[in-house]
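Everything below concerns the one structure shown next.
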Amino acid sequence: MNPMLLSIENVSKVFSSSGRRVAALDNVSLTIAAGETLGLVGASGSGKSTLSRILLRLLSADAGAIRFEGEDWLALSGAPLRRKRARMQMVFQDPLAAFNPLATVAMVLDDPLRIHELVPRERRGGEIAMLLDRVGLPADFASRPVRALSGGQRQRVAIARAIATRPSLLVLDEAASALDVTVRGRILELLVDLQKERGIACLFISHDLAVVRAVSHRIAVIDGGRIVETGPAAAVIAAPQSDAGRALVAAVPRLMTEAL
Ligand SMILES: Nc1ncnc2c1ncn2[C@@H]1O[C@H](COP(=O)(O)OP(=O)(O)O)[C@@H](O)[C@H]1O
Ligand SMILES: [Mg+2]
């Protein structure tokens, strides 16, 4: 039995645009255990979103393999892939932006419950109220249009939608980056609570090491499409081993003293 929930093995991706080749990912390997939060941190353009898009099967890899819950994730297609998608959910920077502006919170949350046939129709209203409660929003938010919500409230709805299908893994790509500091802190607390309570593993992606540190058990640093170091969060912050890791720590000077 493979104890790893997710293992990414030697994944590579090259983009060609206007005659230039960009190696967005170069032999990336990472693992995430059940219930673990792995922080992936790197400067803008280092390949983070390319990896999240490959993981979510929105983009194909040129090479490499991904195992998820014991299956060959990149080989899945059709109905088995659709079923398995319930187990790996995503939260991006503004995930609700893609919705019809007239959509209500209830519509956004009903979608995954209906598509994945998780809850019979007559119980969906109750399930939506439970999901809202879990992310700290009042039940009467169900009837509000999504566009009437603040950034923090929208992100709570996005998290509720992501956990609706009872995933084992959440992929969060700059999920807290657009929020102001106070709201961001509360969203990170919510994620840590959910992660403990439900045992959901997270791949938490950000360019900001201070944010990554607040939620991660382990941290991987990516630079120019390569993983340049991986270790326990406290160790990477106290003594980064790579140039990119040192630069990220130096960008948040407060971290240096707190770690001493
Ligand atoms: N669709 C694409 N076509 C061409 N180049 C791309 C495309 N997507 C990403 N890239 C390039 O791949 C590299 C990694 O991008 P990305 O994964 O978005 O980085 P990050 O999320 O860390 O900021 C960058 O050099 C970016 O310009
Ligand atoms: Mg990105």
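Just follow the structure's listing: the first ligand is 1, and inside any ligand the first atom is 1.
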Problem set entry | Option from I159, V105, L179, L149 for which side-chain contact (heavy atoms from CB on, under 4.5 Å) with R154 holds |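 Single pass found, and it is L149.
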Problem set entry | Of V211, D173, I222, V41, the residue whose pairing with I205 passes side-chain contact (heavy atoms from CB on, under 4.5 Å) |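 Going through V211, D173, I222, V41 one by one, the side-chain contact (heavy atoms from CB on, under 4.5 Å) with I205 is satisfied by D173 alone.
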Exercise. Would you say V22 and ligand 1 have an N/O pair spaced under 3.5 Å apart?
Worked result: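 In fact, backbone or side chain, V22 has no N or O that close.
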Exercise. Got an N/O contact under 3.5 Å between F15 and ligand 1?
Worked result: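 No - when backbone and side-chain N and O of F15 are compared with those of ligand 1, no distance drops under 3.5 Å.
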Taking [atom] as the reference point, the nearest protein heavy atom with its distance:
{"atom": "atom 19 (O) of ligand 1", "value": "G47 N, 3.2 Å"}
{"atom": "atom 20 (P) of ligand 1", "value": "G45 N, 3.5 Å"}
{"atom": "atom 22 (O) of ligand 1", "value": "K48 NZ, 2.8 Å"}

Contact atoms of ligand 1, heavy-atom distance to [X] under 4.0 Å:
{"X": "T50", "result": "14 (C), 15 (O), 16 (P), 17 (O)"}
{"X": "A43", "result": "22 (O)"}
{"X": "S44", "result": "23 (O)"}

Problem set entry | Residues that E197 engages under salt bridge (Lys or Arg N to Asp or Glu O under 4.0 Å), provided they are two or more places apart |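 Applying salt bridge (Lys or Arg N to Asp or Glu O under 4.0 Å) to E197 gives R134.
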Exercise. What residues, two or more places apart in sequence or in another chain, satisfy ring pair (Phe, Tyr, Trp, His ring centres under 6.0 Å) together with F141?
Worked result: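 For F141 there are no ring pair (Phe, Tyr, Trp, His ring centres under 6.0 Å) partners, ignoring immediate neighbours.
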Exercise. What pairs with R121 under side chain to side chain contact (heavy atoms under 4.5 Å, CB included), at least two apart in sequence or on another chain?
Worked result: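 Expected list: R124.
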For this session: Count, excluding waters, the protein N, O or S atoms that are closer to the Mg ion (ligand 2) than 2.8 Å.
Result: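 Considering protein N, O and S only, the Mg ion (ligand 2) has 1 within range.
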Exercise. What heavy-atom pair brings L55 and M88 nearest, and what distance separates the two atoms?
Worked result: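 Shortest heavy-atom separation between L55 and M88 comes out as O-SD, 3.4 Å.
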Problem set entry | Shortest non-hydrogen contact between A142 and L132, atoms and distance |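 Closest approach of A142 to L132: N-CD1, 3.8 Å.
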Between [X] (side chain only) and [Y] (backbone N and O only), is there a donor and an acceptor less than 3.5 Å apart?
{"X": "R53", "Y": "L59", "answer": "no"}
{"X": "R226", "Y": "L25", "answer": "no"}
{"X": "Q89", "Y": "P167", "answer": "no"}
{"X": "S29", "Y": "N10", "answer": "yes"}

For this session: Check whether any protein heavy atom sits under 4.0 Å from atom 26 (C) of ligand 1.
Result: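 Neighbour list for atom 26 (C) of ligand 1 is empty of protein heavy atoms (cut-off 4.0 Å).
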Exercise. Out of S46, A24, S49, whose heavy atom is nearest to atom 18 (O) of ligand 1?
Worked result: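 The residue whose heavy atom sits nearest atom 18 (O) of ligand 1 is S49.
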